[in-house]
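Inspection log for the structure reproduced underneath, given as structure tokens.
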2 protein chains.
Amino acid sequence: MIDKSKARRSTRQRRLIVDAVKHSLNHPSASDIYATLADSGIGIATIYRQLSALVEDGEIGSVKYQGEVRYDPIIQPHAHIVCSKCDKIWDVELPKEIKNLAPTNGSFEKLDVDLTWKGVCSDCR
Amino acid sequence: MIDKSKARRSTRQRRLIVDAVKHSLNHPSASDIYATLADSGIGIATIYRQLSALVEDGEIGSVKYQGEVRYDPIIQPHAHIVCSKCDKIWDVELPKEIKNLAPTNGSFEKLDVDLTWKGVCSDCR
DNA sequence: GTTACTATCGATAATGAATATCATTATCTT
DNA sequence: AAGATAATGATATTCATTATCGATAGTAAC
């Protein structure tokens, strides 16, 4: 766990990692980013640490899929559509109506939505 | 991977595991089931194997949450609501309107929905 | 009931993602 | 420039899950 109260330093590694995620297209995992930055000599632990820190700082987003965390350059709320064959993930719009569908009977407060569509993409057929 | 074309045998282990899931309340994980059936002497590998087989056979459902698979006695399509404090998971109704909100622009077919609400339950406040 | 076939079991090694540890390095403040 | 300490990198560790393999036990045929 990273303590947000302490100043975050701007390191070469952090800059490279944000950049890699910001320019990514298909929701890379930590090891994808590690592979992308292989030349940089950044250690795997730093990749994981900084990706968590960046999510915590609200600079990038994340989605869990198939037991691993995938990162997302977009932080605005949105839904996902995943291909069950190739495991690629795309961003899709989160319908405005969705918040009207939130369950009201229970005693939860401040509900967030996690909406994912699953199917087979055109490339995989 | 388990081949469904071959006959599935009714073993003591399988019967105990289905039973444990069917009578469960809060979406147990594999190790929860293992703990529940500790007296039975069933090995952890068998727990995992049978839980996967049961999901594959459509006898029970499953949800991924917090990096682990949780099992569900209910197989009908439904949504979930999870508490981000205690990690308990409840079943909630899947709104009928949801299928009208599926993205149509892409070239996916046969879309499944995965809808989860996240918040803090009353017990945790 | 006995036999033969083989799915299933249990113990345990192996895998893969993620986190913890710790000595070293690099940033930031003064 | 110097001191304080956040961040790094190598690596050990944890945790959930899967693979391996010899032993066991359902099941169908006799």
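Numbered from 1 within each chain, the chains take letters A, B, ... in sequence-line order.
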Subject >> Whole angstrom value for the distance that separates C1' of dT11(D) from CD1 of Ile42(A) >> reply: 18 Å
Original post:
Does some side-chain heavy atom of Leu111(A) sit less than 4.5 Å from a side-chain heavy atom of Val113(A)?
Top reply: no
**OP:** Verify whether one side chain among Arg70(B) and Ser62(B) offers a donor that lies under 3.5 Å from an acceptor in the other.
**Re:** no
Subject >> Donor-acceptor contact below 3.5 Å, side chain Asp57(B) vs main chain Leu54(B) >> reply: no
**OP:** Provide, to the nearest angstrom, the distance between the CZ atom belonging to Arg14(B) and the P atom belonging to dA25(D).
**Re:** 19 Å
**OP:** Please list, chain by chain and in numerical order, all residues satisfying ring pair (Phe, Tyr, Trp, His ring centres under 6.0 Å) with Trp90(A), sequence neighbours excluded.
**Re:** Phe108(B)
Between the protein and nucleotides 24-28 of chain C, are there any N/O to N/O pairs under 3.5 Å, and if so, what are the atom names and distances?
{"from": "dT27(C)", "atom 1": "O2", "to": "Arg9(A)", "atom 2": "NH1", "distance (Å)": "2.9"}
{"from": "dT27(C)", "atom 1": "O2", "to": "Arg9(A)", "atom 2": "NH2", "distance (Å)": "3.1"}
{"from": "dC28(C)", "atom 1": "OP1", "to": "Ser10(A)", "atom 2": "N", "distance (Å)": "3.1"}

Subject >> Distance in angstrom units between Ile33(A) CD1 and dA18(C) C1', rounded >> reply: 16 Å
Original post:
Using rotation axes that map the C1' atoms of four end pairs onto the next four (five pairs an end), what angle separates the end axes of the helix from dG1(C)-dC30(D) to dT30(C)-dA1(D), to 10°?
Top reply: 40°
Give me, pair by pair, the N or O atoms of the protein and of nucleotides 20-24 of chain D that are less than 3.5 Å apart, along with how far apart they are.
none

Original post:
With a 4.5 Å heavy-atom cut-off, do Val92(B) and His78(B) have their side chains touching?
Top reply: no
Original post:
So, is Tyr48(A) near the phosphate of dT19(C), with a side-chain N or O under 4.0 Å from OP1 or OP2?
Top reply: no
Original post:
Are Tyr71(A) and Ile44(A) connected in a single hydrophobic cluster, I mean Ile/Leu/Val/Met/Phe/Trp/Tyr linked by side-chain heavy atoms less than 4.5 Å apart?
Top reply: yes
Original post:
Taking NZ from Lys64(B) and P from dA18(C), how many angstroms apart are they, rounded to a whole number?
Top reply: 13 Å
Subject >> Hydrophobic cluster (4.5 angstrom, side-chain heavy atoms) - remaining members for Tyr65(A) >> reply: Val82(A), Ile89(A)
Subject >> Position toward the 5' end of DNA chain D (nearest nucleotide), Ser40(A) or Ser31(B) >> reply: Ser40(A)
Original post:
Which whole-number value in Å describes the distance from Asp32(A) CG to dA18(C) P?
Top reply: 11 Å
Original post:
What's the CD1-P distance between Ile44(B) and dC15(D), to the nearest Å?
Top reply: 14 Å
Subject >> Between C1' of dA18(C) and CD of Gln50(A), the distance in whole Å >> reply: 16 Å
Original post:
Is the shortest heavy-atom distance from the side chain of Val63(B) to the side chain of Val69(B) under 4.5 Å?
Top reply: no
Subject >> Rounded distance in Å - CG (Leu51(A)) to C1' (dA7(D)) >> reply: 15 Å
Original post:
Salt bridge check: are Arg14(B) and Glu59(B) linked by an N-O gap of less than 4.0 Å?
Top reply: yes
**OP:** Scan residues 12-54 of chain A for pairs that pass ring pair (Phe, Tyr, Trp, His ring centres under 6.0 Å), counting only residues two or more places apart or in two chains.
**Re:** His27(A)-His80(A)
Subject >> Option passing side chain to side chain contact (heavy atoms under 4.5 Å, CB included) with Leu16(B) (candidates Ile47(B), Thr11(B), Ile42(B), Thr46(B)) >> reply: Ile42(B)
